[in-house]
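So that the names make sense, note that chain A is the first sequence line, chain B the second, and so on, each numbered from 1. Every value quoted in this text rests on a predicted model; they were computed, and no experiment measured them.
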Amino acid sequence: MSGRYVKASQRCLSLLDQCRTMSQIKQIQSHLIVSATLSDPFAAGKIISFFAVSSNADVSHVYKLFLSLQHRTTFIWNTMIRVFVDKNENATALSLYKNMLQSGFLPNNYTFSFVLRACTENSSLGLASHAQVIKLGWESYDFVLNGLIHLYANWSSMEAARKLFDVSTDRDVITWTALINGYVKSGHAELARELFDQMPERNAVSWSAMITGYVHMGMFRQALELFNDMQLSGLHPNHAGMVGALCACASLGSLDHGRWIHTYMDRNGIELDRVLGTALVDMYAKCGCIEIACSVFEKMPDKDVFAFTSLISGLANHGRSADAIQLFARMQSEEVIPNEVTFISVLNACSRMGMVDEGLRIFNCMSVVYGIEPGVQHYGCLVDLLGRAGLLEEAKRLVREMPMEPDSYVLGALLNSCRVHGDVELGKEMVESLVERGLDHDGVHVLLSNMYASSNRWDRVVKVREEMGAKKFRKEPGCSLIEIGGRVSEFVAGDMSYLLVEEVMLVSLGIDNHLKFLLLDDGNSNSNIC
DNA sequence: AGGTGTGCCT
């Protein structure tokens, strides 16, 4: 390389350090091409790594640049693989790795930290990579070993993960956290917690791993307790920890805790990004504060499909179907692409409001406009929509003609509409076919029994209950959580042990009477509330 | 001569 190139290269690289936008980088890059500086692998590597760290990297652009290079280094290969892994294009990353080997480059410890991440969904390639790691002698290198433990833990292959953990002589907080995460994924709450208590050093990431671990395992109280312990230990909650805690608040109905986190965010100037914003919207909606959920949503600068879907389903759950449908329209006008979960929420909203035509239209646009093939859950919503509206024949036809086997929830929706509209015979027929095919979860039997009850056939009710007892079905008791004065109380159907039981019963009787009065007043009887 | 990475997030 001549002195002239080196000088040009140095000038450009110092300019690069000040670059902030993609167009600035592209300008420098074209300058480098003109001055032939890109034939300097160091300069080229610097450019590519700039793309690698920028979050809005244009992958196809940087890949073209990579392909145009005459001379590549291990660093350049590593960085290019990293770009694809960061963009979740794992297959491309791995085929690039293969090309790297074919071009005669040896992977180093850095290569493996990217390659192992690319293997999280593909265990056979992961095993092959592990073999390579061993062959090249990187297995006991801390970063690589941590990557391997994470890999096995991620597949819930806890024996292998544990073995690697046990042989590790150089465990750090990441090694421990990776293993804890594996026990969480495989549902071993106690083992995970034991490790968490044992680990010599904890940071915000390990705390939030355990907190979100509890959330994933449905242990919401433990999650919130740990979130409190974290602050008592003097650590500030990080982004993921707050998201996990908010999720626990949403499930527990713990509005006070959720509000506390919101206030904490405001006071500390924590940005309302997509993930945290959605977690807040979800928490407020599930804790009954749909208005606050709406206002948080409006404050989010960057609303993605998850944010919209959260609020749509929140509105639907609050009986505000019209607002839910309107939000869905707004989502489309803002060019946010709905996903399959969005459609479940929207169809639910239609179903509750009896909007049959709108529901059918939306169901059709799912595949026609968005290329999302309706799944069994969407058919379930549609059956529910038709059934609730009293269109039993159409609902039955849909169940017959749907392209996949109806699951117990689809049939449950049909059964429910049989009950509501008094078609006891069809209901009975359906339950028999469900039993035959082994799709009779406890809810199906409860529906059948309720159906007989509402047509006053008490002998049949007793019979179904007896059958359930014989089959050892036990319906999970209905349960709801409510927070009063900072304390979460749990109400389980059939449980009379809580304080103030009499007052609660009186209030609920009052509500019942009020509803009955409304129904009688309304004249068209029992079609909607049951 | 000079730069890369691992664990938690709706």
Side-chain angles (χ1 to χ4, degrees), chain A residues 1 6 9-10 13-14 16-17 40-53 73-83 85-86 107-117 120 138 141-151 153-154 161 165 168 170-182 184-185 192 195-196 199 202-216 223 226 230 237-247 250 273-283 285-286 300 303-311 313-314 339 341:
Chain A
M1 171 127 346
V6 172
S9 155
Q10 276 169 354
L13 293 180
S14 75
L16 255 180
D17 283 332
D40 171 7
F42 184 77
K46 195 91 183 168
I47 292 252
I48 290 187
S49 71
F50 251 89
F51 284 104
V53 294
T73 59
T74 308
F75 172 76
I76 290 176
W77 280 102
N78 287 350
T79 309
M80 194 64 234
I81 291 172
R82 175 194 168 182
V83 170
V85 176
D86 283 346
N108 61 14
N109 49 336
Y110 288 102
T111 321
F112 283 119
S113 49
F114 305 125
V115 166
L116 292 176
R117 254 172 65 203
T120 39
W138 290 113
Y141 194 87
D142 51 0
F143 279 88
V144 179
L145 188 58
N146 285 347
L148 284 169
I149 291 174
H150 170 66
L151 202 63
N154 208 47
F165 177 88
S168 166
D170 205 16
R171 290 172 209 150
D172 59 12
V173 60
I174 294 175
T175 325
W176 285 85
T177 309
L179 194 69
I180 287 173
N181 190 37
V184 163
K185 278 223 161 90
L195 280 171
F196 180 78
M199 62 195 288
R202 284 173 282 271
N203 62 17
V205 176
S206 29
W207 279 94
S208 35
M210 195 62 230
I211 291 167
T212 52
Y214 274 137
V215 172
H216 287 148
L226 208 61
M230 177 181 180
N238 66 0
H239 189 263
M242 286 187 282
V243 170
L246 283 171
C247 193
D273 72 356
R274 287 178 297 199
V275 179
L276 216 35
T278 303
L280 271 178
V281 168
D282 199 50
M283 182 278 294
K286 291 203 172 120
M300 287 174 67
K303 307 173 178 70
D304 63 1
V305 54
F306 296 101
F308 272 100
T309 305
S310 243
L311 191 56
S313 105
N339 64 19
V341 183

Taking the side chain of [X] as its heavy atoms from C-beta onward, which of [options] lies nearest to it?
X	options	answer
A:Ser208	B:dT4, B:dT10, B:dC8	B:dC8
A:His216	B:dC9, B:dT4, B:dC8	B:dC9
A:Arg82	B:dT4, B:dC9, B:dT6	B:dT4
A:Asp304	B:dC8, B:dG7, B:dT10	B:dT10
A:Ile174	B:dG7, B:dG5, B:dT10	B:dG7
A:Asp172	B:dT6, B:dC8, B:dT4	B:dT6
A:Phe114	B:dT10, B:dG5, B:dG7	B:dG5
A:Thr177	B:dG3, B:dG7, B:dG5	B:dG7
A:Val275	B:dG7, B:dG3, B:dC9	B:dC9

Starting from [atom2] on [N], measure out to [atom1] on [X] and report it in whole angstrom.
X	N	atom1	atom2	result
A:Phe196	B:dC8	CZ	C1'	11 Å
A:Lys46	B:dA1	NZ	C1'	12 Å
A:Leu226	B:dC8	CG	C1'	12 Å
A:Asn238	B:dG7	CG	P	14 Å
A:Lys185	B:dG7	NZ	C1'	10 Å
A:Asp142	B:dG7	CG	P	14 Å
A:Asp86	B:dT4	CG	P	14 Å
A:Asn108	B:dT6	CG	P	14 Å

Without hydrogens or angle criteria, can the side chains of A:Asn78 and A:Thr111 be said to hold a donor-acceptor pair below 3.5 Å?
yes
### Query
When you check the side-chain N and O atoms of A:Thr74 and A:Asn108, is any donor under 3.5 Å from an acceptor?
no
Need one value for [X]: base, sugar-phosphate or nothing, where a base atom within 4.0 Å counts as base even if backbone is also close, heavy atoms only.
X	result
A:Val281	nothing
A:Ala240	base
A:Phe308	nothing
A:Gly45	base
A:Ser310	nothing

Taking 4.0 Å as the cut-off, does a side-chain nitrogen or oxygen of [X] come that near to OP1 or OP2 on [N]?
X	N	result
A:Arg117	B:dG5	no
A:Asn181	B:dC8	yes
A:Arg274	B:dT10	no
A:His150	B:dG7	yes

Handout entry: A:Trp176 ring over B:dG7 six-membered base ring, under 5.5 Å and 30°
Key = no
**Study point:** Ring-base stacking, A:Tyr110 with B:dT4 (5.5 Å, 30° cut-offs)
**Key:** yes
Ignoring hydrogens and geometry beyond distance, is the side chain of A:Asn146 in donor-acceptor contact with the base of B:dG5 at under 3.5 Å? no
Query - Short side-chain to backbone donor-acceptor contact, A:Ser310 and A:Ala307, under 3.5 Å - result: no
Open item on the list: Check whether A:Ser206 reaches the backbone of A:Arg202 with its side chain - one donor and one acceptor, N or O, closer than 3.5 Å.
Closed with: no
Tell me, with the steps shown, if A:Asp142 and A:Arg171 meet salt bridge (charged side-chain N to carboxylate O under 4.0 Å, His left out).
CA-CA 8 Å; A:Asp142 51 0; A:Arg171 290 172 209 150; over 6 Å; no
Problem - A:Trp176 ring center near A:Phe196 ring center (under 6.0 Å) - result: no
query: Does CZ belonging to A:Arg274 count more than 12 external heavy atoms closer than 6.0 Å?
result: no
